[in-house]
Trainee: 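Next up is a structure, given as structure tokens.
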Number of protein chains: 2
Amino acid sequence: MKSLHININVSEALYLKNPESSVLGKSIVTNSIMLINELGFEAFTFKKLGERIESPESSIYRYFENKHTLLIYLVSWYWSWTEYQLVFATANIDSPVERLKRSINILTQPIKVDISFSHINEVLLHDIIITESAKAYHTKAVDNENEKGYFKAYKRVVQRVSDIVLEINPRFEFPHMLISTVIEGAHQQRYFAEHLPALTDLKKGKDSISEFYTQMVFKMIERA
Amino acid sequence: MKSLHININVSEALYLKNPESSVLGKSIVTNSIMLINELGFEAFTFKKLGERIESPESSIYRYFENKHTLLIYLVSWYWSWTEYQLVFATANIDSPVERLKRSINILTQPIKVDISFSHINEVLLHDIIITESAKAYHTKAVDNENEKGYFKAYKRVVQRVSDIVLEINPRFEFPHMLISTVIEGAHQQRYFAEHLPALTDLKKGKDSISEFYTQMVFKMIERA
DNA sequence: CAAATATAATAGTATTACTATCAATTATGC
DNA sequence: GCATAATTGATAGTAATACTATTATATTTG
């Protein structure tokens, strides 16, 4: 995927000024990913980010309304990027079973380094998705923000994979439920393995997550 | 379960002074559940809670270190209560398959009103679990707090149900992963149904969550 | 090169998340 | 029934957070 210069499209509703449009904007995004990882989302502030990039916090406020929308921006970027990976991995594959397998792998495997998008470190961003992304939609503003389209990228990913499920078994009643369970489950299990190992069965070194959820999907959708 | 006067045991590490031990303590817990539901965890403060119960916030700080540990206290109370329900529902049932079915129901069904614990509204508490509980362990302090035993109640619930899985199929490799996926998945799907319906397939009125996850568990653990 | 735009520098405000102090009330032990 | 201890109330104070506002200085662009 090297130097394809694909543009990941993030909804304009998520920023005041497009961070991709300037050096400062990209620096805000790049360094926010690092700083959220270092401090955790609660302790992360625009003031600290400003110190890190040696710009006043007021400049950051010209790009993002607040740290909450910045988080949703990052999450949204991640899902757009994931969608692009899904499209890429399933192109020209006839068998829907094979397409589904590859899709589940993308949704559940650890991230490999992707140098296509220079100012975003996908490995660190993936860690933010695992640790912080639930906070993006577990708020009182979720309905309002959903109407504004803040979560469209995630929904598109779920829809895309659900469609493959329905290709294989058009009578399966719960494709979205199954796929969102797999996506969220895979992230959670990875978090549990690291921090609450009693809640999972993953051994250090061995990665059984993809295997487990692939099995789950195919067992659930197989026709009676 | 009326008037059994069962005591739900919450780790002493989670409070400075046991809120069960006084009228003020119980009022703090009762009203925090209501106020977190009304405002969301982010906007909830001890100051506002103090106004609601007509006590100064400094009095609340004598019971709980901060709102974060109060949340973990509530989550912990919920899982202890769930464990008690699990024990109750599976007592004197010989068949492990039947015990597993009943356990999954308890973990995935909507809460019924339980009047056993007068100062805690379990229906509202369940809403907090669904909406806010991920915030209890998605923090930088998770490892430290895990060592202090803050999440023991949740782990006990997962362990208990995993043990039934292993009774049915001792060779199944991922019982904890399966059960934690079911628990978290069921909560998530309930949240999605309400706020992000594109991520699920639940229709208003009909509750397919228990059915879906029961199927999932039995399909996953059935022997080859 | 002037005008528009973006960024820096700085200041200021209401709220949050506490900590501290001391007076008033209530409970308990003898 | 009274002294003492423990709990709660009332109030104040502080550093940090989450912004908003203003003006000066760069930088870009037409």
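Being a predicted model, the structure only gives us computed values, none of them experimental. Just the heavy atoms: all of them, side chains too, but no hydrogens, waters or symmetry mates, feed the values below.
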Trainee: Touch check for A:Ser55, heavy atoms < 4.0 angstrom, all strands: base, sugar-phosphate only, or nothing?
Mentor: sugar-phosphate
Trainee: Can you work out whether B:Ala43 or A:Glu54 has the more 5'-proximal nearest nucleotide on DNA chain C?
Mentor: A:Glu54
Trainee: Under 4.0 Å, heavy atoms only, any strand: does A:Tyr61 hit a base, just the sugar-phosphate, or nothing?
Mentor: base
Trainee: For the side chain of B:Thr45, counting heavy atoms from C-beta on, which of D:dA18, D:dT17, C:dT16 is nearest?
Mentor: C:dT16
Trainee: Test B:Tyr15 against B:Tyr63 for ring-ring contact (aromatic ring centres under 6.0 Å, His included), laying out the working first.
Mentor: CA-CA 6 Å; B:Tyr15 49 75; B:Tyr63 285 86; 8.9 Å; no
Trainee: I want to verify a distance call: between D:dT8, C:dA8, D:dC19, whose nearest atom is closest to the B:Ser22 side chain?
Mentor: D:dT8
Trainee: Whole-Å distance between D:dA6 P and B:Leu16 CG?
Mentor: 17 Å
Trainee: Do B:Lys67's NZ or CZ and the ring of B:Phe44 fall within the cation-pi criteria of under 6.0 Å and 45°?
Mentor: no
Trainee: In Å and rounded to the nearest 0.5 Å, what is the CD1 to CG distance from B:Ile33 to B:Asn121?
Mentor: 7.0 Å
Trainee: Rounding to an integer number of Å, can you tell me how far A:Leu49 CG sits from C:dA8 P?
Mentor: 12 Å
Trainee: Between A:Lys48 and D:dT17, is there a contact of a side-chain N or O with OP1 or OP2 at under 4.0 Å?
Mentor: yes
Trainee: Measure CD1/B:Ile60 against P/D:dA10 and give the value in whole Å, please.
Mentor: 13 Å
Trainee: Hey, which of these two, B:Ile53 or A:Phe44, hits DNA chain D nearer its 5' end, going by closest nucleotide?
Mentor: B:Ile53
Trainee: Write down the distance between CD1 (B:Ile28) and C1' (D:dG9), rounded to a whole number of angstrom.
Mentor: 13 Å
Trainee: A:Ile209 and A:Gln189: which non-hydrogen atoms are nearest, and at how many Å?
Mentor: CD1-CB, 4.0 Å
Trainee: Can you work out whether B:Glu42 or B:Ser58 has the more 5'-proximal nearest nucleotide on DNA chain C?
Mentor: B:Glu42
Trainee: Take the protein atom CZ of B:Arg62 and the nucleotide atom P of D:dA5, then report the distance between them rounded to whole Å.
Mentor: 18 Å
Trainee: What is the distance from CG of A:Leu71 to P of D:dA18, rounded to the nearest Å?
Mentor: 13 Å
Trainee: Could you state the CD-P distance from B:Glu57 to D:dT14, rounded to the nearest angstrom?
Mentor: 15 Å
Trainee: Considering every strand and a 4.0 Å limit on heavy-atom distances, what is the contact class for A:Tyr63: base, sugar-phosphate, or nothing?
Mentor: sugar-phosphate
Trainee: With rounding to the nearest 0.5 angstrom, report the OG to CZ distance, A:Ser162 to A:Arg156.
Mentor: 14.0 Å
Trainee: A:Pro56 side chain: which of D:dT8, D:dT11, C:dA9 is closest?
Mentor: C:dA9
Trainee: Could you state the atom-to-atom distance from NZ of A:Lys47 to P of C:dA11 in whole Å?
Mentor: 12 Å
